[in-house]
Every structure is written in C-alpha cells, then in structure tokens.
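Everything below concerns the one structure shown next.
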Amino acid sequence: MRVPIITYHAIGDMPSPLWTPIETFDAHLSAFAKCGYRTITLTKLLTHLNLQEPLPENSIVITFDDGYESVYQHARSLLKHYGFTATIFLISDYCGRTNQWSGQPSSVPVETLLSWEQARELAAEGYEFGAHTRSHLSLPTVLLEVAESEMHISQQQIQNHIGQKVNVFAYPYGATNAAITKLAQQHFDGAVITDLGFVHSETNPYMLNRIDAYYLSPLWISHMHGSLFQQYLYLRQMLRSFRRNFHPDWLLLPSHSRNIHLE
Ligand SMILES: [Zn+2]
C-alpha cells in the first residue's frame with residue numbers, strides 16, 4: 001500500500017503557487033472524500049512505518065507548511081465539513097508574525113502566520129503540529145550547531161505553547177543532507193521532504209516524499225494510484241531535479257525564478 005502525503009501552504013486567492021484557492025481546496029477535499037480516503041496524522045503513518053506494520057488502506061496525510069493563518073480562517077471549516085484532519089508545520093519564531101523571514105523572496109505575498117492561541121485551538125480539535133525550524137533557514141547552509149538548535153528549539157517551543165508532543169519535522173525547502181537527517185533522527189520520529197512521490201513500506205521515515213497540491217486536480221486525485229499519475233509525478237520530479245542540478249544555487253533563487261513554489 002502506498003500513502004500520499006499532500007503539501008499545502010496558504011489557502012486563498014493570492015497570485016502565487018504557494019496559495020491554493022478556496023474553491024480548489026474544496027474540490028480537492030471533495031475528491032479525496034469521493035475516492036474514500038481517510039486522513040491520518042503523520043505520526044500515525046510513522047507508527048505503522050516504524051513498526052513495519054502494513055500501511056492503512058485508503059489513508060492520506062494532509063500537511064500545511066509554514067502555518068499560515070488562512071489554514072485557521074479557510075481550511076479548518078472545510079476540513080471539518082469532510083471530517084478530515086491535518087498536520088501543520090510551524091516556524092516557531094514567526095508564530096503570530098508574517099511570513100517575512102530572511103530569504104523570503106519579495107514576490108511572495110505577505111500573510112500572517114498562526115498565533116499560538118490559534119494553534120492551541122486547532123490542537124484541541126485534533127490537528128497535529130510539527131516543527132519547521134525557528135526561522136526557516138536552509139539547514140545544509142548553516143553550521144551544524146545552528147541547524148540543531150533550529151530543529152530542537154522549535155520543537156520545544158511548539159511543545160511548550162501547545163502542550164502536545166512534537167514528533168515530526170519538515171526540512172525548510174526540503175533541503176537536507178546526511179548530517180541534518182541524522183539530527184532529525186535524534187529529535188523526531190520522522191521528517192518530510194519535498195521530492196514528489198508516495199510513502200510505501202520501504203520508505204526512509206526521515207525522507208518522506210510528498211505530493212505538492214499544486215500538481216493535483218480532482219481528476220488526478222481520482223487516479224492517484226494509477227500508473228499515469230506515477231509517470232506524471234516522475235516527470236515532474238525529473239524536471240525539478242534538472243533545475244536543481246542546472247542551477248547549483250537553486251535553493252537560493254527566488255521562487256519565481258525557480259518556476260516552482262515550494263516550501
Ligand atoms: Zn516552509
């Protein structure tokens with residue numbers, strides 16, 4: 001069994017691939033429901049992976065990176081309508097502030113991020129929270145001590161504010177290397193990247209592929225386990241890898257230059 005982990009960022013009509021329009025988000029959820037998917041938290045998926053139990057059938061994990069306030073304002077009521085839950089990755093130094101962290105391209109619209117109070121409310125409704133560092137640094141570009149504090153302190157801050165254990169991590173920009181992944185192993189049960197693909201029983205829990213919502217449509221959702229969608233994802237991933245190799249500084253380029261959104 002393969003389980004898709006879907007990546008969303010903000011919900012709304014901003015002119016950026018990081019924003020999923022409300023109607024599109026609703027159409028995605030409606031398609032997930034029609035196809036019989038049930039949402040599970042990332043921790044639940046990792047429990048199955050780590051215990052080498054069969055992955056639960058018809059399961060899907062919905063994730064939101066960066067913890068935008070529109071998750072609270074718009075996604076929450078729609079998720080509730082369909083009986084779905086999600087895992088939200090917070091940037092702990094930026095809760096209640098805007099998405100203007102260092103390195104954020106000026107082309108990305110400004111939006112407020114979830115306050116701790118809103119996050120607590122969502123946690124009480126069953127949402128899972130994961131860490132996404134303190135300040136959204138690309139971890140392979142900083143000293144290992146800095147990377148570790150970004151990971152570990154963000155985990156502690158979220159736990160302290162929300163009163164929920166934080167088991168999962170999202171590498172900013174999906175960027176990691178052997179040393180960073182080892183740090184993730186010391187502090188978390190698993191971690192997500194941005195490479196496109198499904199999770200299956202052999203997947204490394206600290207290199208969990210995801211499927212960016214930008215590439216989804218209700219039609220693709222209804223054929224998500226078919227070979228055509230696999231080929232589509234494979235081609236998209238090839239293009240992304242090519243861009244990264246072609247531009248060694250790919251991660252540092254503004255997202256509009258990368259022609260893909262991400263993270
Ligand atoms: Zn991010």
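As the structure lists them, so they are numbered: ligands from 1, and atoms in each ligand from 1. Since the structure is predicted, the reported quantities are computational estimates derived from the model, not experimental observations. Numbers here simply count residues along the sequence, with the first being 1.
- Applying the salt bridge (Lys or Arg N to Asp or Glu O under 4.0 Å) test to Asp13 and every residue at least two apart in sequence or in another chain returns nothing.
- The Zn ion (ligand 1) has Asp66 among its coordinating residues (N/O/S atom, backbone or side chain, under 2.8 Å).
- Because the distance cut-off is set at 2.8 Å, His132 qualifies as a neighbour of the Zn ion (ligand 1) through one of its N, O or S atoms.
- Using a cut-off of 4.0 Å between Lys/Arg side-chain N and Asp/Glu carboxylate O, Arg210 and Asp65 are scored as salt-bridged.
- A distance of 11.0 Å separates CD1 of Ile11 from CG of Leu18, quoted to the nearest 0.5 Å.
- Of all N/O/S atoms in His136, NE2 sits nearest the Zn ion (ligand 1).
- Residues that satisfy the side-chain contact (heavy atoms from CB on, under 4.5 Å) test with Leu78, not counting sequence neighbours, are Ile22, Phe25, Asp26, Leu29.
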